[in-house]
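This report refers to the structure that appears directly beneath it.
Along the sequence shown, the residues carry numbers beginning at 1.
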Amino acid sequence: MNDIIKNIKERRSIRKFKEEQIKDEELEVIIEAGMYAPSAHNEQPWHFTIIQNKDIISEINKESKMMMKNHSDKWIAKLGNNEKFDIHYNAPTVIVVSEKKDCYSKFVNASAATQNMLLAAESIGVGSCWVGFSKFCFVQEDKIKKLNIPEGYEPHYTVALGYKALDKKQSAPKRNEDVVTYIR
Ligand SMILES: Cc1cc2nc3c(=O)[nH]c(=O)nc-3n(C[C@H](O)[C@H](O)[C@H](O)COP(=O)(O)O)c2cc1C
């Protein structure tokens with residue numbers, strides 16, 4: 001198995017982080033990996049907002065959970081009501097992944113960039129988690145003014161980043177096997 005395949009298979013969603021901030025050099029590697037993702041028409045329609053300010057990260061958590069509390073899905077509502085739950089798992093760095101509102105293949109470009117960043121993080125020993133719960137904050141446009149998202153872009157996801165605070169390697173959730181059709 002080559003290093004890339006190993007990295008793809010070993011990356012896990014990390015939900016427990018150390019308080020220590022990641023290094024700027026590591027952050028640069030991760031962001032650059034996002035910028036090297038494929039994009040429809042080579043539009044590169046993404047924008048990354050790096051947040052390392054605890055108050056802003058905490059505000060996104062608070063605003064997301066306020067919305068989650070009243071969600072029709074009981075699991076989401078329960079997490080919204082859980083005082084201890086932090087949608088970014090207290091990660092010291094959060095990247096907001098935004099995309100041009102009028103781009104080709106909406107969401108897909110931002111998703112490709114997000115996955116590249118997760119894999120880059122894993123390859124240099126930084127833990128990461130793709131977080132969709134932040135969407136509950138982002139749908140409230142007045143709540144995201146402080147993020148200075150460029151005009152014409154909208155935030156889709158966040159990525160939690162930090163050093164892993166795990167005693168042992170996390171095993172992968174079982175993968176569905178019946179998902180391939182060969183036509184030869
Ligand atoms: C679009 C998307 C949104 C996600 N949102 C969340 C989230 O809000 N919180 C979370 O803990 N994990 C989130 N995840 C991570 C998935 O739960 C995780 O990828 C899945 O359980 C498989 O585990 P693995 O990443 O370790 O392979 C998200 C993943 C994707 C692709």
Can [Y] be reached from [X] by stepping across I, L, V, M, F, W or Y side chains whose heavy atoms are under 4.5 Å apart?
| X | Y | value |
| --- | --- | --- |
| F133 | M67 | yes |
| L79 | W130 | no |
| I4 | M117 | no |
| F136 | I95 | no |
| M35 | I124 | yes |

Does [atom1] belonging to [X] count more than 12 external heavy atoms closer than 6.0 Å?
| X | atom1 | result |
| --- | --- | --- |
| D167 | CG | no |
| D73 | CG | yes |
| K164 | NZ | yes |
| D178 | CG | no |

Could you tell me whether the side chain of [Y] reaches within less than 4.5 Å of the side chain of [X], counting heavy atoms only?
| X | Y | value |
| --- | --- | --- |
| N148 | T49 | no |
| E26 | Y163 | yes |
| Y157 | F138 | no |
| H156 | V97 | no |
| L118 | Q115 | yes |

Nearest atoms (heavy-atom pairs only) where [X] meets [Y]:
| X | Y | result |
| --- | --- | --- |
| H71 | A77 | O-CB, 3.6 Å |
| A91 | L161 | CB-O, 3.6 Å |
| P92 | K18 | CD-O, 3.8 Å |
| C129 | F17 | N-CZ, 4.5 Å |
| D86 | N90 | OD2-OD1, 3.1 Å |
| C137 | S64 | CB-OG, 3.2 Å |

Is a donor on one side and an acceptor on the other found under 3.5 Å between the side chain of [X] and the backbone of [Y]?
| X | Y | answer |
| --- | --- | --- |
| N7 | L119 | yes |
| E99 | F107 | yes |
| H41 | E43 | no |
| N82 | K84 | yes |
| N109 | A40 | yes |

Measuring from atom [atom1] of [X] to atom [atom2] of [Y], what distance do you get when rounded to the nearest 0.5 angstrom?
| X | Y | atom1 | atom2 | result |
| --- | --- | --- | --- | --- |
| F48 | T158 | CZ | OG1 | 13.5 Å |
| L147 | E59 | CG | CD | 8.5 Å |
| I50 | L27 | CD1 | CG | 5.0 Å |
| Q52 | Q21 | CD | CD | 4.0 Å |
| I87 | S58 | CD1 | OG | 10.5 Å |
| K169 | R12 | NZ | CZ | 10.0 Å |

**Request:** Start with the C-alpha gap between I144 and Q140, add the side-chain angles, then the distance that decides, and say whether side-chain contact (heavy atoms from CB on, under 4.5 Å) holds.
**Result:** CA-CA 7 Å; I144 57 170; Q140 312 168 74; over 6 Å; no
**Message:** I'd like to know if E122 and K9 make a salt bridge, using a cut-off of under 4.0 Å between side-chain N and carboxylate O.
**Reply:** no
**Request:** Evaluate the criterion side-chain contact (heavy atoms from CB on, under 4.5 Å) for residue pair K106 and E154; output intermediate values, then yes/no.
**Result:** CA-CA 11 Å; K106 208 167 157 161; E154 60 187 339; 2.7 Å; yes
**Item:** Chi angles and distances behind the side-chain contact (heavy atoms from CB on, under 4.5 Å) call for F85, E83
**Value:** CA-CA 6 Å; F85 180 67; E83 297 264 311; over 6 Å; no
**Request:** Output, in order, the C-alpha distance, side-chain angles, deciding distance and verdict of side-chain contact (heavy atoms from CB on, under 4.5 Å) for I60 and I51.
**Result:** CA-CA 11 Å; I60 296 174; I51 312 179; 3.7 Å; yes
**Asked** Would you say the side chains of N42 and Q44 form a donor-acceptor pair under 3.5 Å?
**Response** yes
